[in-house]
Engineer: 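The following block contains the structure, expressed as structure tokens.
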Amino acid sequence: MDAICQGPPAVLDPEVDFIVEPSEIMTNRSRKPRPTPLDRRSGIPLYHQIQRRLLDQIQSGELKPGEPLPSIQQIATRMGVSQMTVRQAVGALCELGVIYSRQGRGTFISGIKLERDFRQVLSFSEETQARGATPSSKVLSFRIQAPIQEVKEALGLSDGERVFNLHRVRCGNSIPMGIESSCLPVQLCPGLMETFDPSTSLYDELAHQYGIQLMVTDEVVEVGKASAEDARLLQIAPQSPVFLFTRVSYLENGTPVEHVKSVYRGDKYKIVNRLMRMKRERLTTPHAASTKPAADAIN
Ligand code: GLP
């Protein structure tokens, strides 16, 4: 008798940052697993969810460098969305350099290594889960207050506008990793104090309750030494090296939503950046300019 495949509720492979839903565990190897439907009520744009799925498939090695990406039409049919939505996701991945298009030949997976901590706007919870750990938080304070000048300017607040301030120790598998102090305009998410459990994911709450998607982030990273208080909270020796982050996150339209100061353990984190040179149609160097008349003459 064939064994019935009863997997655990979800399999999280720490190496590949890829969750296999039970519905995707195959009992018949020749059958393609059906993708889990996109979550249309999550508030997360569909193109963003598709982008994430394709990234997962590339990271897990399911889609390999040099291989063609399934066509826009195939992806659209498989995920039950319009081709325009898929085009948006594919365009964003092209910009990241993860895939590339060849005129008339299609779109291919690039050989550029995809870092685990690829610079995306991720929440602490998402980043921790992607590493195979369980996120949790110790709430130090959660209140409404007047912003200090730096926060007021960063969030573009008028006189008298107030902010939520959320101060937490963030943990991975119960190990303190960092301390975050976030400020958000009260006006953007008025009921936050009543509805939000501050030990859970802030970004999830913003997305689900307020439809707020943080799409862009400016972040400054400095190196410092843990103060006695930070060291106590992070359970490290005073004066240990730490990263000091100052982050301002924005909606797609440029509205600032969050100003955060964080202290992260230097022994647990590394900073990974990918820098890209913008493509230029034609370099406008003096040399290029001097060859132009000749080109015109040929035409
Ligand atoms: C990261 C960011 C913070 C943000 C936090 C939200 O750590 N650096 O600016 O507040 O994520 O995380 P979560 O949604 O898990 O609360």
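Read the numbers this way: they start at 1 and go in the same order the structure lists the ligands and their atoms. Worth saying up front: this structure is predicted, and the values here are computed from it rather than measured.
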Engineer: Check whether any heavy atom of Glu219 sits under 4.0 Å from an atom of ligand 1.
Structural biologist: no
Engineer: Kindly state whether the ring of Tyr269 and the ring of Tyr264 have centres lying under 6.0 angstrom apart.
Structural biologist: yes
Engineer: Taking distance alone, with N or O pairs closer than 3.5 Å, would you say Leu202 contacts ligand 1?
Structural biologist: yes
Engineer: Name the closest protein heavy atom to atom 10 (O) of ligand 1, giving the residue it belongs to and the distance to 0.1 Å.
Structural biologist: Glu258 OE2, 2.5 Å
Engineer: Heavy atoms only, cut-off 4.0 Å: how does His259 contact ligand 1, side chain, backbone, both, or neither?
Structural biologist: neither
Engineer: Look at the side chain of Gln209 and the backbone N and O of Leu206, then say whether any donor-acceptor pair between them is shorter than 3.5 Å.
Structural biologist: no
Engineer: To the nearest 0.1 Å, how far is atom 12 (O) of ligand 1 from its closest protein heavy atom, and which atom is that?
Structural biologist: Phe124 N, 3.1 Å
Engineer: Taking Asn165 for its side chain and Ser182 for its backbone only, find out whether a donor-acceptor pair lies under 3.5 Å.
Structural biologist: yes
Engineer: Less than 3.5 Å apart, any donor N or O on the side chain of Thr217 or Ser249 sitting next to an acceptor on the other?
Structural biologist: yes
Engineer: Can you report which non-hydrogen protein atom sits closest to atom 2 (C) of ligand 1, along with the distance?
Structural biologist: Arg247 NH1, 3.5 Å
Engineer: Kindly indicate whether the side chain of Val242, heavy atoms from C-beta on, has any atom under 4.5 Å from the side chain of Ile236.
Structural biologist: yes
Engineer: Is there a polar contact, in the sense of an N or O pair closer than 3.5 Å, between Glu180 and ligand 1?
Structural biologist: yes
Engineer: Between Glu153 and Glu150 (side chain of the first, backbone of the second, donor and acceptor by atom type, cut-off under 3.5 Å), is there such a pair?
Structural biologist: no
Engineer: Do side-chain atoms of Asn253 reach the backbone of Thr255 as a donor and acceptor pair under 3.5 angstrom?
Structural biologist: yes
Engineer: Does a side-chain N-to-carboxylate-O contact under 4.0 Å join Glu161 and Lys152?
Structural biologist: no
Engineer: Report yes if some N/O of Tyr203 lies less than 3.5 Å from some N/O of ligand 1; otherwise report no.
Structural biologist: yes
Engineer: So is Glu126 touching ligand 1 or not, going by heavy atoms under 4.0 Å?
Structural biologist: no
Engineer: Does ligand 1 have any atom that is closer than 4.0 Å to a heavy atom of Ser182?
Structural biologist: yes
Engineer: Relative to the heavy atoms of Ser125, which atoms of ligand 1 are at a distance of less than 4.0 Å?
Structural biologist: 13 (P), 15 (O)
Engineer: Is it the side chain (CB and beyond), the backbone, both or neither of Glu127 that lies under 4.0 Å from ligand 1, heavy atoms counted?
Structural biologist: neither
Engineer: Mark the output for Tyr264 as yes if a heavy-atom distance to ligand 1 is under 4.0 Å, and as no if none is.
Structural biologist: yes
Engineer: Only one of Leu157, Val151, Ile148 forms a side chain to side chain contact (heavy atoms under 4.5 Å, CB included) with His259, so which one is it?
Structural biologist: Val151
Engineer: For atom 9 (O) of ligand 1, what's the nearest protein heavy atom and its distance?
Structural biologist: Val260 CG2, 3.0 Å
Engineer: Taking all atoms of both residues into account, what is the closest heavy-atom pair of Ser60 and Gln57, and its distance?
Structural biologist: OG-O, 3.1 Å
Engineer: So, regarding Ser201 and ligand 1 (criterion: nitrogen or oxygen to nitrogen or oxygen, under 3.5 Å), is there a contact or not?
Structural biologist: yes
Engineer: For Arg168, counting its heavy atoms only, list the atoms of ligand 1 lying under 4.0 Å from any of them.
Structural biologist: 16 (O)
